[in-house]
Amino acid sequence: MAILPILETPDPLLRRVSTPVETITPELQTLIDDMFETMYAAPGIGLAAIQVGVPKRILVIDLQEPEEEGGEPVRNPLVFINPEILAESDTLQTYNEGCLSVPELYAEVERPDHIRARWLNRDGKVHEEELDGLLGICLQHEMDHLEGVLFIDHLSRLKRDMILRKLAKARKERLAA
Ligand code: ZN
């Protein structure tokens, strides 16, 4: 397994629309393993293939939620290939989102509070499920990446510009260091 470099905005690849997976090959399985390793190392709870420069409709998610308060995070790796949203609630929820491609900056985003989604797992088996809470939010955030959309696109222009300015400043400081 390998830790892959994560693309950061304004990398134009992040704006590309990803294409569906036709067949699940051993190469894809390796990519999925590398995506998990990259996400755990970052650390993050979700990663889309395009964030490591591969324009395919593949997402990995692991909320790594502690089983009980103060307990060790429990790993629950989930793979979503060619995910689709079949239905979404009218009720919205707000979550303070972040993104490995917009490092260390967070903002509140409103999204449907629950969704019905269909996807293939890493063995190519079809899953259809109602998702809510953080998993529902995370899947919607990651699915945006497949369309070339970032969470900052959901913000007002004023907020987005503020985040992009902070990001540019942080990058300049990193380069100067
Ligand atoms: Zn993201």
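All values derive from a computational prediction rather than experimental measurement. FYI, side chains are in, hydrogens and waters are out, and symmetry mates aren't considered; it's all heavy atoms of this structure. Both ligands and their constituent atoms are indexed starting at 1 by order of listing.
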* Asked: Members other than Ile3 in its cluster, when Ile, Leu, Val, Met, Phe, Trp, Tyr link by side-chain heavy atoms under 4.5 Å?
  -> none
* Residue pairs fulfilling side chain to side chain donor-acceptor pair (under 3.5 Å) with at least one residue in residues 52-64, sequence neighbours excluded -> Tyr40-Asp62, Arg57-Glu147
* N-O pairing of Arg174 and Glu8 below 4.0 Å -> yes
* For Gln93, side-chain hydrogen bond (donor to acceptor under 3.5 Å, both in side chains) partners two or more places apart -> none
* Are Val149 and Met143 grouped together when hydrophobic residues (ILVMFWY) are joined by side-chain heavy atoms under 4.5 angstrom apart? -> no
* Run through the protein N/O/S atoms less than 2.8 Å from the Zn ion (ligand 1) and write them out by chain and number. => Cys99 SG, His141 NE2, His145 NE2
* Asked: Would you call the rings of Trp119 and His127 parallel, tilted or perpendicular if under 30° counts as parallel and over 60° as perpendicular?
  -> parallel
